Asker: 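Take a look at the following structure, please.
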Amino acid sequence: MKLCIALTKGRLEEQCLDYLEQRAFDVTPLIEKGRKLCVETDHFKVFFAKGVDVATYVENGIADLGIVGEDILTEYQPDVFNLIGLPFGICRMALAGIPTEEAPEGKRTIATKYPNIARSFFQEKGESVDLVKLEGSVELAPLLGLADDIVDIVETGTTLRENGLVVKEEFMRFSARCIANRSSLKVKRSLMLPFIEAIDKESEPRHVSSNL
Ligand code: PRP
């Protein structure tokens with residue numbers, strides 16, 4: 001029986017592979033995978049997917065474990081076991097837009113990849129807004145006039161800066177997390193434990209018996 005692990009491609013991918021390498025995993029097959037999405041070794045099956053799909057694969061038991069941003073878990077609330085916080089993929093959720101001194105007139109339009117997070121943020125503030133859901137490059141929306149402001153994650157701040165936008169309010173902080181399928185945690189516990197212990201930031205890095 002192999003352990004199946006889903007990793008998030010894109011923003012978290014490089015940081016995740018660096019972290020696994022620091023924790024004594026040989027990630028060479030994952031780095032050298034090219035366009036291949038799934039890599040199998042003697043003990044592991046590892047595949048790469050978009051963050052929200054990592055959560056779906058773990059929730060449905062296709063993957064036993066996943067590494068995904070906490071922003072995805074907060075937005076989509078998948079039914080998974082939220083195992084451990086990891087020290088990478090650190091970012092903030094922010095309201096951002098074009099810098100202006102003027103208070104917004106009337107109802108604001110907010111573009112976001114995170115409608116649930118944005119809705120609760122404005123509900124707590126008691127402000128009624130129109131939300132526009134986008135799938136990426138959200139920073140374009142205020143520049144092109146689709147929205148007044150955006151609610152999005154900010155990691156280095158480079159995307160905002162290079163597009164002349166500023167943070168107006170920060171309201172959540174996230175990191176990457178290791179999640180587990182609820183029944184795998186019982187059925188494959190002995191297979192999962194060495195991996196979980198190896199990636200736990202509190203433990204000493206050590207060689208696990210089987211590399212990725
Ligand atoms: C995320 C986010 C911002 C950017 C922030 O997008 O939505 O656009 O990263 O990072 P920074 O503060 O380091 O510039 P991502 O790269 O995941 O791509 P996407 O816009 O296509 O979703």
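Both counts, for ligands and for their atoms, begin at 1 and track the order of listing. These figures come from a predicted structure and were not determined experimentally.
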Asker: Classify the ring geometry of Phe121 against Phe171: parallel below 30°, tilted from 30° to 60°, perpendicular beyond 60°.
Answerer: parallel
Asker: Does any non-hydrogen side-chain atom of Leu37 lie less than 4.5 Å from one of Phe47?
Answerer: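 Side-chain contact under 4.5 Å: no.
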Asker: Between Gly157, Ser137, Gly69, Ala94, flag the one that comes closest to atom 20 (O) of ligand 1 by a heavy atom.
Answerer: Ser137
Asker: Between Asp152 and ligand 1, is there a nitrogen or oxygen pair with a distance under 3.5 Å?
Answerer: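 Between Asp152 and ligand 1 (N or O atoms, distance only) the closest approach is under 3.5 Å.
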Asker: Can a donor-acceptor pair be found between the side chains of Asp152 and Tyr114 at a distance below 3.5 Å?
Answerer: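 No donor-acceptor contact under 3.5 Å links the two side chains.
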Asker: Is it the case that ligand 1 has an N or O less than 3.5 angstrom from some N or O of Val138?
Answerer: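 N/O-N/O distance below 3.5 Å does not exist for this pair.
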Asker: Nearest protein heavy-atom contact for atom 8 (O) of ligand 1: which residue, which atom, what distance?
Answerer: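 I find the closest protein heavy atom is Glu139 OE2, 2.7 Å.
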Asker: If the cut-off is 4.0 Å to any non-hydrogen atom of Gly136, which atoms of ligand 1 fall inside it?
Answerer: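 Near Gly136, the atoms of ligand 1 are 19 (P), 20 (O), 21 (O), 22 (O).
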Asker: Any protein heavy atom at under 4.0 Å, with atom 16 (O) of ligand 1 as the reference point?
Answerer: no
Asker: Show the atoms of ligand 1 that are less than 4.0 angstrom away from any heavy atom in Val154.
Answerer: 12 (O)
Asker: For Lys113 and ligand 1, answer yes if some heavy atom of the residue is under 4.0 Å from a ligand atom, otherwise no.
Answerer: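 Within the 4.0 Å threshold, so yes.
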Asker: Check whether more than 12 heavy atoms from other residues, nucleotides or ligands sit under 6.0 Å from atom CZ of Arg189, and answer yes or no.
Answerer: no
Asker: Starting from atom 4 (C) of ligand 1, which protein heavy atom do you reach first, and at what distance in Å?
Answerer: Thr159 OG1, 3.7 Å
Asker: Distance to 0.1 Å, residue and atom name: give those for the protein heavy atom nearest to atom 5 (C) of ligand 1.
Answerer: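 It is Ile153 O, 3.6 Å.
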Asker: May I ask you to decide if Ile179's main-chain N or O and Asn82's side chain share a donor-acceptor pair within less than 3.5 Å?
Answerer: no
Asker: Measure the distances from the heavy atoms of Gly10 to every atom of ligand 1 and state whether one is below 4.0 angstrom.
Answerer: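 It does not; every heavy atom stays at 4.0 Å or beyond.
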Asker: Taking side chain as C-beta onward, heavy atoms only, is Val46 less than 4.5 Å from Cys38?
Answerer: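 Contact flag for Val46/Cys38 side chains = no.
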Asker: Nearest protein heavy atom to atom 9 (O) of ligand 1, by residue and atom, and its distance?
Answerer: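 Its nearest protein heavy-atom neighbour is Arg11 CD, 4.0 Å.
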Asker: Checking contacts here: is it the side chain or the backbone of Thr156 that comes within 4.0 Å of ligand 1, counting heavy atoms only? Could be both or neither.
Answerer: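 The answer is both, backbone and side chain.
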Asker: Rounded to the nearest 0.5 Å, how far apart are CG of Asp64 and CG of Leu185?
Answerer: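 Between Asp64 CG and Leu185 CG, I get 9.5 Å after rounding to 0.5 Å.
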Asker: Quick check on Glu105: does its CD atom have over 12 non-hydrogen neighbours (other residues, nucleotides or ligands) under 6.0 Å away?
Answerer: no
Asker: Mind checking whether His43 and Lys2 have side chains closer than 4.5 Å, heavy atoms only?
Answerer: no
